[in-house]
Amino acid sequence: MTTRQAPRQPVSASTPAHPFAIPLVMAAVLAVCHAPALAQTPPTSPPASAPANEPPAAAEKPATAESGRLETVTVTSNRRLETAQKVSGVVQSVSGDQLRKDGITEVRQLQNAVPGLSIANQEGNVEIFIRGVGSANNTELGDPGAAPHLNGVYIPRPRGLGLMFYDLERVEVNKGPQGTLYGRNALAGTLNIITAQPRLNEFSGYAQGEVSNRSGHGAEAAVNVPIGSQAALRIAGYQSTKDYGFSNVSTDPVASQLKPAGQENNRALRLSARWEPTETVRVSLVADTGREQGTGYPGANIFSAVTASGQRPEDLDLRRVVYRGAQGDMRNDLWGLLGKVEADFGPVSAEFNASRRSVDFWQRNGQSDGIDWAGRDLSAVNYDNYSTQYWQTLSKSNVYELVLRSNDSQQPLQWTTGVFHFKEKQAVGYLSLADAGCCYWGSEFTMPDVRGKSTAAYLDATYKVTPQWRALAGFRRTQESKSRFGIGGNLGVVLGGENYDCCYATRWGTDGFQPALLARPNFDMSQVTTDADRARFILQSFLRAGNRDLVGQQLGPIADGTNPNGACIDRPDVNGNGRLSCPRTNPATTNGGFSYVNSWDLPTQQYGSSSAKYNDFRVGVEHDLGRDAMVYAKFSTGHKAGGFNDTFATSPIPEVYGPEKLSVLEIGSRNVIELMGRRSVVNLSGFYYDYKNQVFQDLSCIKLNTQVTPNTCNGYSLVSRNIGASRLYGLEGELRMPLPAGFSLDLNAVLLQTRIRSAVVADARAIDYGQGGKAPQIDLSGNQLPLASKVNLSARLQQSIAFGPGKLDWQALLSYRSSYYLTQYNELDVVSLNGTHTSALAAGFPDRQKGYATLNLGLGYTLDRYRIEAFATNVTNEQASTKALVGSSLNVRFLNDARSYGLRVRANF
């Protein structure tokens with residue numbers, strides 16, 4: 001293998017040469033902010049002892065921008081309800097009403113309001129990155145790098161986040177490691193979806209309906225019902241239907257009727273109960289269920305379009321897809337149950353959470369022959385190709401947590417401590433079919449038993465050293481384990497035609513095909529020893545053959561013992577090169593079978609386990625420069641769970657990879673100051689990340705042939721290794737400002753620099769199958785982390801004024817991201833094994849997404865209990881890739897949502 005050094009870029013004179021240049025820059029900025037802040041009075045704050053997720057009605061109602069006063073934002077990032085200005089760190093909170101007005105109705109749209117947040121949907125998996133840190137491993141062994149939560153409780157499988165975005169109180173995004181409070185896999189931060197809670201002694205609710213483009217329509221409603229004076233119920237539900245943002249440009253009469261990816265038909269229901277038998281005890285219960293249906297979320301392969309046209313992705317219409325084969329289909333059934341008991345014991349309060357969540361996901365990918373481009377002859381496409389992939393995920397997880405916290409805000413020591421336990425059992429299936437394949441027909445990775453467990457204890461405290469100085473300290477001890485049993489690998493066999501010609505093709509996956517996945521009867525490869533066993537194993541991969549499949553007819557006689565040579569069927573249209581024929585005279589003893597059946601390629605037994613123990617901590621200081629001005633500095637660490645790789649016979653790859661570790665230094669200031677005579681929020685922070693034991697995917701030999709000299713590799717696989725280290729640093733700022741005439745302005749900005757310090761991997765773009773699947777080595781040092789824009793901005797301008805008998809409001813949300821790379825390769829040249837250089841574009845692997853802006857607009861009118869809203873999201877229909885899968889002849893893109901606009905009517909009661 002060849003090794004090459006990634007080119008280094010010259011350091012800009014404006015780039016800090018050392019991470020500690022950030023504090024010097026900030027010191028000058030903070031000096032300007034603090035001077036006018038010293039004489040200000042503090043905003044209204046909820047009681048310090050208020051538990052996390054306390055309904056806002058329990059705190060004083062904040063002033064609104066409509067009155068020209070600064071709105072109070074409450075958060076629970078420290079596991080207790082408090083104003084955001086009292087938190088030493090960066091947490092952004094957006095209310096449910098504001099999200100609706102902004103047109104943000106699904107979780108991946110949240111990135112438009114929160115700069116530095118990146119969310120993609122890959123085949124139903126929601127991937128969350130914060131400041132360039134996250135995880136793209138969405139297999140059964142993967143874990144999120146930014147931890148999702150529902151009402152403060154950890155969610156291990158982000159597949160279910162899509163059905164939780166309704167009847168919301170607010171959504172909080174905590175940036176940076178949260179290990180000492182929110183815990184598991186909060187390496188990059190947390191995303192906490194907080195639903196509306198029942199209110200005592202109040203009968204209220206709302207009902208709304210909407211219509212939109214792309215044949216969209218939906219309804220949402222909630223009702224709050226008091227039960228006596230101590231209890232209340234809240235029932236909420238929604239239904240939403242929306243067509244795809246893609247278009248099917250196939251010219252075939254059958255394929256042109258296929259529905260593109262992204263069609264949605266979702267519905268969900270949530271029941272929340274609250275009971276307060278005494279003033280010091282509260283019991284709450286939340287039960288939810290829902291179903292996502294549609295055509296799924298596969299990406300579009302742009303490799304052929306790029307290599308044929310020479311155009312960059314931004315010059316192509318990535319939503320004009322050439323669909324063929326099977327219709328894409330997706331179903332995701334979810335339910336959850338969360339119980340919480342809170343008790344106030346005077347100086348100490350206690351909270352116990354118990355959660356059970358279930359995910360039942362199934363998807364058949366709608367396949368395509370790439371996208372269209374100018375001059376492409378669509379009539380030359382082979383539309384009768386049913387190669388596709390099937391996915392199945394079953395997950396049941398339990399989370400238990402006991403939290404104790406101090407109550408008396410007058411005491412110098414405020415603390416929170418707890419124990420956390422998580423347990424998950426999964427069963428997952430994956431089947432990939434290569435229709436009309438010769439020798440290799442597909443692959444299967446089906447794991448009926450996957451288990452994960454994590455237990456942790458933590459303590460976080462703040463001590464008031466003087467009236468103006470506070471010391472922060474936190475610690476968490478975590479122990480985790482994973483295990484898996486199943487099968488994984490290729491499916492296929494070499495079949496000979498007349499005169500021992502090679503090789504005869506089969507066919508499977510045509511219309512009517514139903515995979516077995518987790519319903520297959522055998523996962524024990526030790527029982528597969530004879531050709532009859534091997535044939536049965538392949539046939540057991542499906543419950544029903546497709547209407548034009550051949551594999552069952554060809555291998556059936558081998559499986560039942562009637563003919564060890566199988567059954568040869570002449571099908572030139574699916575027969576490899578179209579020239580082979582079934583044996584007639586040579587050999588003459590096949591009895592209608594193939595001339596030979598050999599070289600079976602079957603999955604191997606998959607088993608593995610890993611465990612790890614690690615510590616997280618944070619230390620810091622806070623200093624009040626005035627009632628409304630605070631500066632802070634803190635150092636914290638975070639981890640993301642490790643795991644293990646697939647098992648292959650005679651494979652030299654390491655089985656286990658360890659947890660990733662992030663160490664973060666952050667300093668900042670949170671201020672309420674006078675701007676233009678109005679109280680405004682001005683916050684600024686600087687951060688430096690040291691990212692170690694970073695996991696990169698590498699291409700490794702799994703089948704070494706030692707019978708030849710020199711030894712050669714006959715099989716490769718992608719594996720995860722702790723071979724990376726990166727450095728990140730940047731600045732983040734926030735401005736919230738009420739303006740005259742009912743206007744208000746919210747600005748958020750993130751400036752981010754990322755650099756991979758070390759990582760040498762095999763270049764999956766340059767796999768040479770002529771040399772046994774080898775790939776050259778590539779040095780990623782100096783590259784940027786994927787999905788890390790250097791400039792991230794969001795700006796919201798809104799106004800609310802009296803108009804006639806009611807109130808008129810409008811809002812504009814502008815989001816901007818500078819360019820970023822979608823993969824670790826950063827468009828470095830592709831260098832073949834013989835040393836030939838090809839640009840990433842010419843090789844078909846451009847992975848740079850140019851900078852872009854999106855604009856959401858909203859207009860509303862409220863009259864008494866009624867409201868009408870017009871909304872438009874992604875007004876300019878900006879097309880952006882939020883994720884890419886890059887490999888040999890693959891450059892698959894997953895996109896942001898297309899333009900959507902409509903009308904919504906709402907009635908409150």
Looking at K482 and D143, does any basic side-chain N land under 4.0 Å from a carboxylate oxygen? yes

With a 4.5 Å cut-off on side-chain heavy atoms, are S387 and R324 touching? yes

Indicate whether any N or O donor in one side chain lies under 3.5 Å from an N or O acceptor in the other, for T529 and Q527. no

Heavy-atom side-chain contact between V493 and R534 under 4.5 Å: no

Can you tell if the side chain of V249 reaches within under 4.5 Å of the side chain of R376, non-hydrogen atoms only? no

Heavy-atom side-chain contact between P298 and Q367 under 4.5 Å: no

Is the Lys NZ or Arg CZ of R520 less than 6.0 Å from the centre of F537's six-membered ring, within 45° of the axis? yes

Contact summary for V695 and G658, nearest pair of heavy atoms: CG2-O, 4.3 Å

Side chains of S541 and E444: any donor to acceptor distance under 3.5 Å? no

Quick check: closest heavy atoms across F246 and V321, and the distance to 0.1 Å? CD2-CG2, 3.8 Å

Please name the pair of heavy atoms, one in L828 and one in N783, separated by the smallest distance, quoted to 0.1 Å. CD1-ND2, 3.6 Å

Please identify each residue that fulfils side-chain hydrogen bond (donor to acceptor under 3.5 Å, both in side chains) with S443, with sequence neighbours left out. none

Identify the two heavy atoms, one from P603 and one from L491, that lie closest to each other, and give their separation to 0.1 Å. CD-CD2, 3.6 Å

Within the 3.5 Å criterion, strictly below it, is a donor on S256 or Y323 matched to an acceptor on the partner's side chain? no

Looking only at atom types and distance, does a side-chain atom of D435 sit under 3.5 Å from a main-chain N or O of Y386, one as donor and one as acceptor? yes

I'd like to know if the side chain of T585 and the backbone of A588 have a donor-acceptor N/O pair within less than 3.5 Å. no

Check this for me, if you would: do R765 and E827 make a salt bridge, where the nitrogen-to-carboxylate-oxygen distance has to be below 4.0 angstrom? no

N490 side, atom CG; T604 side, atom OG1 - distance, nearest 0.5 Å: 9.5 Å

Backbone N or O of S832 within a donor-acceptor pair of the T836 side chain at under 3.5 Å? no

Heavy-atom count around F485 CZ within 6.0 Å, excluding the residue itself: above 12? yes

Examine distances only and state if a side-chain atom of T295 and a backbone atom of G328 form a donor-acceptor pair shorter than 3.5 Å. no

Taking the six-membered ring for Trp, are F845 and F303 closer than 6.0 Å centroid to centroid? yes

Take S395 and Q426 through the side-chain hydrogen bond (donor to acceptor under 3.5 Å, both in side chains) test and state the conclusion after the steps. CA-CA 4 Å; S395 167; Q426 294 183 83; 5.0 Å; no

Can you tell me how the ring of F542 sits relative to the ring of W508, calling it parallel under 30°, perpendicular over 60° and tilted otherwise? perpendicular

Could you tell me whether the side chains of N591 and N563 share a donor-acceptor contact shorter than 3.5 Å? no

When rounded to the nearest 0.5 angstrom, what is the spacing between CG in L833 and CG in D768? 5.0 Å

Is the shortest distance from a Lys or Arg side-chain nitrogen in D384 or R507 to a carboxylate oxygen in the other one below 4.0 Å? yes

Chi angles and distances behind the side-chain contact (heavy atoms from CB on, under 4.5 Å) call for L433, F513: CA-CA 11 Å; L433 307 182; F513 179 88; 3.7 Å; yes

Residue set satisfying disulfide (SG to SG under 2.5 Å) with C439, at least two apart, ordered chain then number -> none

Looking only at non-hydrogen atoms, find the nearest pair between A427 and L518 and report the distance. O-CD1, 3.5 Å

Out of curiosity, L895 CG to R319 CZ, how far, rounded to the nearest 0.5 Å? 5.5 Å

Pair Q777, D779: side-chain N/O donor-acceptor within cut-off below 3.5 Å: no

How many angstroms lie between CG in L318 and CZ in F894, if you round to the nearest 0.5 Å? 12.5 Å

Does M525 offer a backbone N or O that forms a donor-acceptor pair with the side chain of Q605 under 3.5 Å? yes

Less than 3.5 Å apart, any donor N or O on the side chain of T510 or D549 sitting next to an acceptor on the other? yes

Do C568 and Y504 come within less than 4.5 Å of each other through their side chains, counting heavy atoms only? yes

Rounded to the nearest 0.5 Å, what separates atom OG1 in T823 from atom CG in N891? 8.0 Å

Does any part of the side chain of M447, heavy atoms only, come nearer than 4.5 Å to the side chain of F445, both counted from C-beta? yes

Do V831 and D763 have side chains that approach each other closer than 4.5 Å (heavy atoms only, starting at C-beta)? no

Output yes when a side-chain donor or acceptor of D329 lies under 3.5 Å from a complementary backbone atom of R364, and no otherwise. no

Strictly by modelled atom types, are S250 and D252 linked by a side-chain donor-acceptor pair under 3.5 Å? no

From CG (L602) to CD1 (I487), nearest 0.5 Å: 9.0 Å

For a quick test of reading the model, state the closest non-hydrogen atom pair linking D531 to V597 and the distance between them. OD2-O, 4.4 Å

salt_bridge(R584, E498) N-O dist < 4.0 Å: no

Salt bridge (Lys or Arg N to Asp or Glu O under 4.0 Å) against R451, all qualifying residues, sequence neighbours excluded: D449

Among M330, R331, Q392, find the residue that satisfies the side chain to side chain contact (heavy atoms under 4.5 Å, CB included) test when tested with F361. M330

Would you say the side chain of R548 lies within less than 4.5 Å of the side chain of D511, judging by non-hydrogen atoms? yes

Answer yes or no: is the gap between the SG atoms of C438 and C503 smaller than 2.5 Å? no

